[in-house]
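In what follows, a structure is listed as C-alpha cells, so that the remarks can point back to it.
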There are 2 protein chains.
Amino acid sequence: MHANVKQNVVPLITPGLKVACSQCNLRELCLPFGLDDRDMARLDSLIGGGRKLKRGQHLYRAGDAFESIFAVRSGFFKTDVLTEDGRDQVTGFQMAGEILGMDGISTEHHTCNAVALEDSEVCLIPFTELELLSSEIHSLQHHLHKVMSREIVRDHGVMMLLGTMRAEERLAAFLLNLSQRFSARGYSPSEFHLRMTREEIGSYLGLKLETVSRAFSRFQDEGLISVQQKHVRIVDLARLKSLLAPPDGRIA
Amino acid sequence: MHANVKQNVVPLITPGLKVACSQCNLRELCLPFGLDDRDMARLDSLIGGGRKLKRGQHLYRAGDAFESIFAVRSGFFKTDVLTEDGRDQVTGFQMAGEILGMDGISTEHHTCNAVALEDSEVCLIPFTELELLSSEIHSLQHHLHKVMSREIVRDHGVMMLLGTMRAEERLAAFLLNLSQRFSARGYSPSEFHLRMTREEIGSYLGLKLETVSRAFSRFQDEGLISVQQKHVRIVDLARLKSLLAPPDGRIA
DNA sequence: GTGTGGCATTGACGCAGATCAAAGGGGTGC
DNA sequence: GCACCCCTTTGATCTGCGTCAATGCCACAC
C-alpha cells in the first residue's frame, strides 16, 4: 500500500472502502433504520462509497459546497462553528452511526467544520440522490426527517445545558451522554477514552479548559469517576446522575 | 360573534380562517417558497385550516402527539423546553412566516412547548400529508429540508451565543436578530415592541432577568438604543453591531 | 529509546453576573 | 375607568468561573 497520502491532503473517495448498508452492523443506528431488504439494496446503490480520514483532517469546512451528508462508519468527529470575529464553538461530537453535514442543506454550503478526532471512516450519501430515492421510499423519507428532527431536539438539549446548568452539572451531563451513546454501540458505558481535549470539551460546554479540568478532578476526589488524562471510568453512576437534579431538589 | 371560548380551552380548527398559500403575503418567507402556481395550489389543498390563539395559550405542549407542523400567520410565539428537574429554557421566538413544531417529528411527540406571546394565528400543516405531497413535488421536498436545516443552523448560532458571549454581547445579538427579522417582514428594523418579558429574554440568552434589564439600561445610557418597557428603538445600529466584535479586536 | 511539544493540572486572584432586596410603574382584566 | 398585580428597574453584596501563571506529564515522531 502506498504511503504517499499526506495528512493535510483531502483524500479522494475510496470506492473499495464501500460497505453495503445491508451488511453494516450500524444500520439500526443509522439512516437505513426501518428499511426492508429491497429498499436497503436501493439505498446501498446510491451510497457513494467511503472516505477515510486521519486524525485532525477536515471532513468538510464552513463554506464548502454542500453535496453530501455523511454517516460515520468508525471513528470520532467534532463539529464547530467559527465567526468572523474569532469566536469558536464546538457544536457536537459524532460517533459511529451518526449523521454529519445536515447544516449544509439550507444554504447549499456547509456552515460549520467537521474534523476527525481520530482516524475515521465515513459513508458519503449524495444528497440530491437521497432526496430522489426518499421520494420513492416513504419510510426512508420519514426516517430522514426523523434524523433531522432528532438533531434539532439534541440542539435544544445543548441550549438547556448552556443556558441553565453550572459547570459540574454540564460536565456530568456530558459524561452521561457519552456513556449512553457508547453503551448503545456495544461499548462499556462505564469506561471509555475521550477523543477530545479539555479545551474542546470546554468549548462544547461553554466553559474554559481549566474549569473542565477542575471539575474532572473534583469528580474524582468525590469518588464519582476515575480519570487519568483521556481515560474515564464512571465509578458511581447514580451519584453522577443525581448531580443533574436541581439545587433545591424541588419537584415541580 | 360568540365570546364563549375560554382562554384556557384549546380552540378547535377554524376552517373559515383558512387563507390560501397562493394568496398569502408571507409565502416568500414560508413553506411555499419556490413553488409554481400549480404546486402551490396542491399545497393549499392540504393545509388543514387555521387556528387562532389568544395570548398565553399553548399551541402545543411537550408530550402532545405530533401530527402537524405549524406556520405562523400572525402574532408571536415562544418555544421552551422544561426538564423534570424544573429547569426551563426558552429555545426560540417565532414570528410570521416561521415554522413551528419540527421538534416533534423524531419521537412522534412534541418535545417542547409553544406558547403564543400575543393573539396569533397559525396554519396547520398535517405532516403525513406534507410528506406525501413532498414526495411528488421535488421543490417542496427540498424546501422542507432547507427549513429544517435552517433550524439546525439557527440552533448552532444560539449555542455560539450561549457558549462564547458575555451578557451585553448576547443582548446586542438578540436585538440585531429581531431587527433583521422585523425588517424582512416589512416592519421597521429600528423600532419595535418586544412581545416577551425580561425573564423570557433572559431564559433565551442564558441570563437572569436583572442582568437583561441592566444591559438594556446600559445600552440606553450609552445612546445605543432607547428603551421604555417593551418598546425599543435602535438609535445607533453601527455601534450596536460593533459590540459583537471580539474583546481585543483581533482579526483571526 | 529518547526528546519534544502539546495537553493537563493546580494555585492565586479578580470580575461578571447571580442573588437578595425593595420600590415604582404600566398594562390588563374586570 | 379603576384597581391590582405582574413586570421592570435599581442597589448592595456574594460567588462561580474566568484569567493569569507555573509546573508536570504523556503521547507521538523520529
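Reminder, nothing fancy here: chain letters follow the sequence lines and each chain counts from 1.
Atom C1' of nucleotide D:dG16 and atom NZ of B:Lys208 are separated by 14 Å, given to the nearest angstrom. Rounding to whole angstrom units, CG of residue B:Leu194 and P of D:dT8 are separated by 9 Å. Rounded to whole Å, atom P of C:dA18 lies 16 Å from atom CZ of B:Arg198. The CZ atom of A:Arg218 sits 12 Å away from the P atom of C:dT10 (whole-angstrom rounding). Atom CG in A:Asp119 sits roughly 10 Å away from atom P in D:dC28 (whole-Å rounding). For the pair A:Phe219 CZ and C:dT9 P, the interatomic distance rounds to 13 Å; values are reported in whole Å. Following rounding to the nearest Å, A:Glu210 (CD) and C:dC7 (P) show an atom-to-atom distance of 14 Å. One interatomic measurement links the two molecules: CD1 of A:Ile201 to C1' of C:dC7, which rounds to 12 Å at whole-angstrom precision.
Note: B:Phe70 and B:Phe77 fail the aromatic proximity criterion, with ring centroids not under 6.0 Å apart. Note: B:Tyr187 and B:Phe192 fail the aromatic proximity criterion, with ring centroids not under 6.0 Å apart. Between B:Phe66 and B:His109, the distance separating the two ring centers is not shorter than 6.0 angstrom.
Contact check, B:Thr197 against D:dC7: no side-chain N or O comes under 4.0 Å of OP1 or OP2. Contact between the side-chain N/O atoms of A:Ser217 and the OP1/OP2 oxygens of C:dT10 is found at a separation under 4.0 Å. Close to D:dT9, at under 4.0 Å from its OP1 or OP2, lies a side-chain N or O of B:Ser213. One finds no side-chain N or O of A:Lys230 lying less than 4.0 angstrom from the OP1 or OP2 phosphate oxygen of D:dC26.
Put simply, the side chain of A:Gln228 and the base of D:dC26 share no donor and acceptor less than 3.5 Å apart. B:Arg214 contributes a side-chain N or O that forms a donor-acceptor pair with the base of D:dG11 under 3.5 Å.
If you check every strand for non-hydrogen atoms under 4.0 Å, B:Leu209 touches a base. A:Gly202 comes within 4.0 angstrom of no nucleic acid atom, judged by non-hydrogen atoms across all strands.
Taking every side-chain heavy atom of B:Arg55 into account, C:dG29 is the closest of C:dG29, D:dC17, C:dT10. Of the listed nucleotides (C:dG11, D:dT10, D:dG16), D:dG16 has the atom at the smallest distance from the side chain of A:Arg166. Checking D:dG18, D:dC26, C:dC7 against every side-chain atom of A:Leu207, the shortest atom distance belongs to D:dG18. Closest to the side chain of A:Gln229, out of D:dC26, C:dA18, D:dC20, is D:dC26.
Remark: of the listed residues A:Arg195, A:Lys52, A:Lys54, A:Arg195 is the sole one forming a salt bridge (Lys or Arg N to Asp or Glu O under 4.0 Å) with A:Glu118.
Using a 4.0 Å cut-off between a side-chain N of Lys or Arg and a carboxylate O of Asp or Glu, A:Arg73 and A:Glu98 do not qualify as a salt bridge.
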